[in-house]
Amino acid sequence: MRGLVFPGDRQARIENFDDPKPGFGEVVVAIKAACICGSDMHGYRMSAAERSAKGADRIIPGHEPAGVVHAVGEGVTSVKVGDRVAIYHFRSCGHCEECRSGRMMWCEERRGYGGPIHGSDADLLLTDARNCLPLPDDASFALGAMLMCVGGTAYEAMQKLDARANRRIAIFGLGPVGLAGLLFAKAMGAEVIGIDVAPHRLELASELGANAVINSADEDVAEAVKRWSGKDGVSGSFETSGVASAQSATVAVTGRGGRVAFVGFGSSAPSIVPAEFIGKQLSLMGSFVFPIDHYFPILDFVRRSKIPLEATVTHTVPLAEAPEILAAFDRGETGKVILVP
Ligand SMILES: [Zn+2]
Ligand SMILES: [Zn+2]
């Protein structure tokens, strides 16, 4: 099969690999849609020396997949060849307390695709039967793939921010996760102000229903957000950019008793001062993908509310063209990108 690799220094190429064979309890899925995620860029941008020292230069990236079951190993009864499935983000032991509670992202033995094991930017993906989530016929492969990372992450954060009518939410960073957050927040009844520095992202956010947008390169964010929200700030902030100045700004724009959810890795520079949120009694939270059982309510909400998550996709390209589109994605010139083998 073909698979994408990142040799380092912003290089990407397609290489040939042996087809995976499913062992006991394992499944091989023929990929029909694999999204590029902002977090893939950490490996893409890493130096060639660091990639090869880690042995990562021969690992296929990609952790947002959907496809069709291609082969099943012994002992697999939950799926069969031909089933449409979305594939959960981490393989894990399946029997510890965290796994049994659905929180496979906290399993001590978790293995992320594109980390220690091959990911989904390939023709085929080897996973466990328990990672295969049923994808109904009326849900596209693109949607299934998007729910596995960007969609699930945004939904969980909006639940934590208590998005609903009469809530005003500031979204920092209008890349794919920020835009998905915008769509969920609006569908839950909240009003949204979007903040970014890229004009085309601000435009897309407006088209997708943002009540207001701010270009933080041109305006004082704290002033502009408070002018829009009234009171002493928004009820919730969603930080997706990972930029230190945005992390600081979330605390400045969130009003008394409000909540802030952070999902953007990135800067490790100190950015938040407790004295700025103690008096306001803010709740600051991290949010990290989603427990596997939340797939069902998320999918149900998206289908019943007809949330157009696919509208954040700007490019759907053949796997063979991944190297070119990755360069554009890296420059921030695209929205969500989907690779199709
Ligand atoms: Zn992702
Ligand atoms: Zn476990």
Side-chain angles (χ1 to χ4, degrees), residues 4 6 12 25-26 31 33-45 56 59-67 86-122 125 127-131 133 141-157 173-181 184 238-242 261-266 286-295 298 309-310 312-315 322 325-326 329-330 332 334-339:
L4 181 68
F6 295 156
E26 290 181 332
I31 298 299
C35 304
I36 296 176
C37 177
S39 64
D40 293 330
M41 291 298 103
H42 304 307
Y44 178 76
R45 293 170 187 153
I59 296 283
I60 300 167
H63 57 263
E64 300 190 40
I87 302 140
Y88 186 72
H89 210 106
F90 291 104
R91 294 183 70 181
S92 64
C93 81
H95 49 73
C96 72
E97 185 180 347
E98 300 299 354
C99 284
R100 294 283 187 155
S101 308
R103 300 181 294 259
M104 291 154 69
M105 72 288 192
W106 285 349
C107 175
E108 294 290 334
E109 293 174 28
R110 71 177 176 275
R111 291 169 293 160
Y113 307 108
I117 55 173
H118 284 317
S120 52
D121 296 344
L125 176 72
T127 188
D128 293 306
R130 62 175 162 270
N131 285 57
L133 295 161
F141 289 114
L143 174 63
M146 290 179 77
L147 293 182
M148 294 302 96
C149 178
V150 63
T153 296
Y155 176 89
E156 290 291 304
L174 298 170
V177 185
L179 292 175
F184 281 123
F238 180 37
E239 208 306 291
T240 74
S241 73
F262 297 90
V263 301
F265 290 96
S287 199
F288 183 54
V289 288
F290 62 98
I292 193 168
D293 53 309
H294 290 198
Y295 168 71
I298 297 171
L309 274 183
E310 289 116 310
T312 64
V313 177
T314 56
H315 297 75
I325 197 72
L326 274 156
F329 187 88
D330 182 42
T334 72
K336 198 68 179 165
V337 173
I338 296 188
L339 302 176

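Just so you know, residue 1 is the first one in the sequence shown, and it goes up from there. Start at 1 and go down the list; that is how both ligands and their atoms are numbered. Every heavy atom of this structure was used, including side-chain atoms; hydrogens, water molecules and symmetry mates were not.
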Restricting to N/O/S atoms, is His89 within less than 2.8 Å of the Zn ion (ligand 1) or not? no
Cys37/Glu64 under side-chain contact (heavy atoms from CB on, under 4.5 Å): CA gap, chis, key distance, verdict: CA-CA 8 Å; Cys37 177; Glu64 300 190 40; 3.0 Å; yes
Within the supplied structure, the quantity of interest is the number of heavy atoms (other residues, nucleotides, ligands) at a distance under 6.0 Å from Arg100 CZ; does it exceed 12? no
N/O donor-acceptor pair under 3.5 Å between Thr314 side chain and Gly335 backbone: yes
Determine whether the side chains of Thr312 and Glu310 contain a donor N or O and an acceptor N or O closer than 3.5 Å. no
Answer yes or no as to whether an N/O/S atom of Cys37 is found below 2.8 Å from the Zn ion (ligand 1). yes
Report for the Zn ion (ligand 2), protein N, O or S closer than 2.8 Å, by chain and number, lists Cys93 SG, Cys96 SG, Cys99 SG, Cys107 SG
Find out whether Thr127 and Phe90 are in side-chain contact, i.e. whether some heavy atom of one side chain is under 4.5 Å from a heavy atom of the other. no
Salt-bridge present (Glu26, Arg130; N to O < 4.0 Å): no
Kindly assign one of parallel, tilted or perpendicular to the pair Phe290 and Tyr88, based on the angle between their ring planes and the thresholds 30° and 60°. perpendicular
